[in-house]
Number of protein chains: 2
Amino acid sequence: MDIEIRSGCPINLTMEVLGDRWSLVIIRDIMFGNRRHFREILTQSEEGIASNILAARLKRLLSYGLISKLDDPSHSQKSIYSLTEASIQLVPMFAMIGAWGRRHLPVSEDLSIRAELLEEGGQPLWDEFMEDLRRIHVEDPIGGANGSVKSPVLARLTAAFLEVRARMDTAAG
Amino acid sequence: MDIEIRSGCPINLTMEVLGDRWSLVIIRDIMFGNRRHFREILTQSEEGIASNILAARLKRLLSYGLISKLDDPSHSQKSIYSLTEASIQLVPMFAMIGAWGRRHLPVSEDLSIRAELLEEGGQPLWDEFMEDLRRIHVEDPIGGANGSVKSPVLARLTAAFLEVRARMDTAAG
DNA sequence: TCCATCTGATTGCATTTTGAAACTGGTTGT
DNA sequence: ACAACCAGTTTCAAAATGCAATCAGATGGA
């Protein structure tokens with residue numbers, strides 16, 4: 001799992017690490033969906049990633065230090081995947097990616113409400129979110145995974161998403 | 001050149017369009033290196049992209065409206081590739097990508113000075129740069145390509161880069 | 001105990017994408 | 001005429017992707 005390093009340019013290096021179809025989508029699910037187990041990421045994601053690709057990407061992200069892996073004490077077979085400081089610092093990049101996608105691509109209303117709120121909130125919200133993520137991924141990954149430790153920002157984003165979705169369902173009959 | 005659209009999530013859609021090894025690297029060269037011809041992008045890039053991949057990516061970016069193509073009046077065989085409003089609005093994303101890469105990946109000093117300046121400058125500098133880019137890519141792509149219309153921001157970034165490189169060459173003997 | 005279920009994966013295989021190098025058909029400047 | 005240059009294309013091997021099926025070791029309920 002070695003980078004080839006074709007150049008030391010920050011943009012090039014970032015593309016060597018994250019420039020593929022799935023890496024950022026997986027980190028998105030862990031970050032915004034708080035999906036912490038293999039099966040959760042695999043089956044609850046909108047896009048339907050293949051299991052072999054997911055396994056390969058998790059291994060890769062692990063080797064780059066973008067996620068960490070921990071045994072789940074409540075289930076000897078489960079592993080808990082968590083964000084690290086490096087991936088938590090991707091929050092502003094996600095905000096920009098979401099903002100750009102919302103303006104230039106055919107996004108759906110429900111799936112873009114979180115991106116909208118994240119953009120509106122700006123740096124103060126990003127900082128608050130990153131602090132939350134440190135608590136549920138770095139300080140207490142087990143509590144963060146089983147829901148005993150929560151992120152207020154994530155709760156707000158998720159509530160807004162469910163609200164929009166409920167409204168859309170009602171409108172659709 | 002159709003997107004598959006596995007979901008309407010802004011992050012997923014952005015990855016479907018830009019989530020590959022080369023697209024952002026090519027846009028970076030056009031944006032920060034003002035490389036406007038096929039051969040310039042091909043041979044003057046740090047990373048050595050293959051010509052068939054470059055051709056395929058340019059075609060793809062063209063179909064997504066992320067670049068435009070224009071006949072060069074000074075040379076019947078040359079085409080001028082230019083940014084569009086959509087790709088100009090990637091400036092803040094590039095700033096974030098550069099900032100993250102500089103903090104978490106083994107970047108080289110010379111190639112990261114521009115990212116550092118872009119990050120320090122913040123939104124005011126990004127806005128100024130985007131205005132420059134509109135002039136040399138949208139308003140006057142021909143003048144922008146042949147150097148008769150310039151970007152002050154780009155000039156500053158390039159000067160800083162050359163300065164660092166000269167200093168490194170001196171130090172290395 | 002038995003069995004269905006769930007866990008994080010792995011395997012096989014067809015398709016697609018990538019990459020390096022050579023090559024094409026044309027243009028430009030001397 | 002001719003060398004240098006132009007934007008790509010062709011060729012072919014290697015790697016990545018995607019899908020379906022499968023795996024072995026828990027776990028939970030009857």
Side-chain angles (χ1 to χ4, degrees), chain A residues 1-7 12 15-26 29-30 35-63 67-82 141-142 145-146, chain B residues 1-7 12 15-26 29-30 35-63 67-82 145-146:
Chain A
M1 224 62 72
D2 44 337
I3 313 186
E4 196 183 324
I5 304 206
R6 294 171 87 117
S7 97
N12 174 66
M15 295 324 288
E16 292 194 14
V17 171
L18 296 172
D20 71 87
R21 178 70 182 81
W22 293 111
S23 293
L24 280 180
V25 170
I26 292 168
D29 281 349
I30 301 176
R35 295 193 184 117
R36 309 293 289 270
H37 300 113
F38 189 94
R39 264 314 197 273
E40 284 180 330
I41 304 172
L42 185 69
T43 61
Q44 294 175 34
S45 99
E46 292 278 335
E47 294 86 10
I49 185 174
S51 64
N52 57 339
I53 305 292
L54 175 58
R57 282 297 168 278
L58 288 173
K59 196 178 288 184
R60 220 175 98 99
L61 292 171
L62 208 49
S63 83
I67 58 174
S68 66
K69 187 179 177 176
L70 186 69
D71 287 341
D72 187 334
S74 76
H75 190 302
S76 69
Q77 225 170 357
K78 276 186 178 175
S79 292
I80 298 173
Y81 293 97
S82 303
I142 294 169
N146 69 28
Chain B
M1 222 65 69
D2 43 336
I3 313 186
E4 197 183 326
I5 304 207
R6 293 172 88 118
S7 96
N12 173 65
M15 295 323 287
E16 291 193 13
V17 171
L18 296 171
D20 71 88
R21 177 69 180 83
W22 293 110
S23 293
L24 281 181
V25 170
I26 293 168
D29 281 350
I30 301 176
R35 294 192 184 117
R36 309 292 288 270
H37 300 114
F38 188 93
R39 249 348 186 249
E40 284 179 331
I41 304 172
L42 185 69
T43 63
Q44 294 174 33
S45 99
E46 291 279 335
E47 294 85 9
I49 185 173
S51 63
N52 57 337
I53 306 290
L54 176 58
R57 283 297 167 280
L58 288 173
K59 196 178 289 184
R60 219 176 100 101
L61 292 171
L62 207 50
S63 84
I67 58 175
S68 66
K69 188 179 177 176
L70 187 68
D71 287 341
D72 187 333
S74 76
H75 190 302
S76 70
Q77 220 171 2
K78 275 186 177 174
S79 291
I80 298 174
Y81 294 97
S82 303
N146 69 27

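Proteins get letters first, then strands, A, B, ... in listed order; numbering begins at 1 in each.
By the side chain to side chain donor-acceptor pair (under 3.5 Å) test, B:E46 is found to be paired with no residue, residues two or more places apart in sequence or in another chain being considered. With sequence neighbours left out, A:S23 forms a side chain to side chain contact (heavy atoms under 4.5 Å, CB included) with A:L18, A:D20, A:R57, A:L61. B:S51 pairs by the side chain to side chain contact (heavy atoms under 4.5 Å, CB included) definition with B:F38, B:L42, not counting sequence neighbours. With sequence neighbours excluded, the residues that form a salt bridge (charged side-chain N to carboxylate O under 4.0 Å, His left out) with A:E47 are A:R28. Scored by the side chain to side chain donor-acceptor pair (under 3.5 Å) test, A:S82 finds A:R36 as partners (sequence neighbours excluded). Listed by chain and residue number, A:R35, A:E40 satisfy the side chain to side chain contact (heavy atoms under 4.5 Å, CB included) test with A:Q44 (two or more places apart in sequence, or in another chain).
Pairs engaging residues 71-81 of chain A under the salt bridge (charged side-chain N to carboxylate O under 4.0 Å, His left out) rule: none recorded [sequence neighbours left out].
Using a 4.0 Å cut-off, some side-chain N or O of B:W22 falls inside it from OP1 or OP2 of C:dG19. For B:S76, a side-chain nitrogen or oxygen approaches OP1 or OP2 of C:dT28 to under 4.0 Å.
Reading DNA chain D from its 5' end, the first and the last nucleotide to sit under 4.0 Å from a heavy atom of chain B are D:dC6 to D:dC19.
Using a 4.0 Å heavy-atom cutoff across all strands shown, A:S79 reaches sugar-phosphate atoms only and no base atom.
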Contacts under 3.5 Å, N or O only, protein and nucleotides 23-25 of chain C:
{"residue": "C:dG25", "atom": "N2", "partner": "B:Q77", "partner atom": "NE2", "Å": "2.7"}

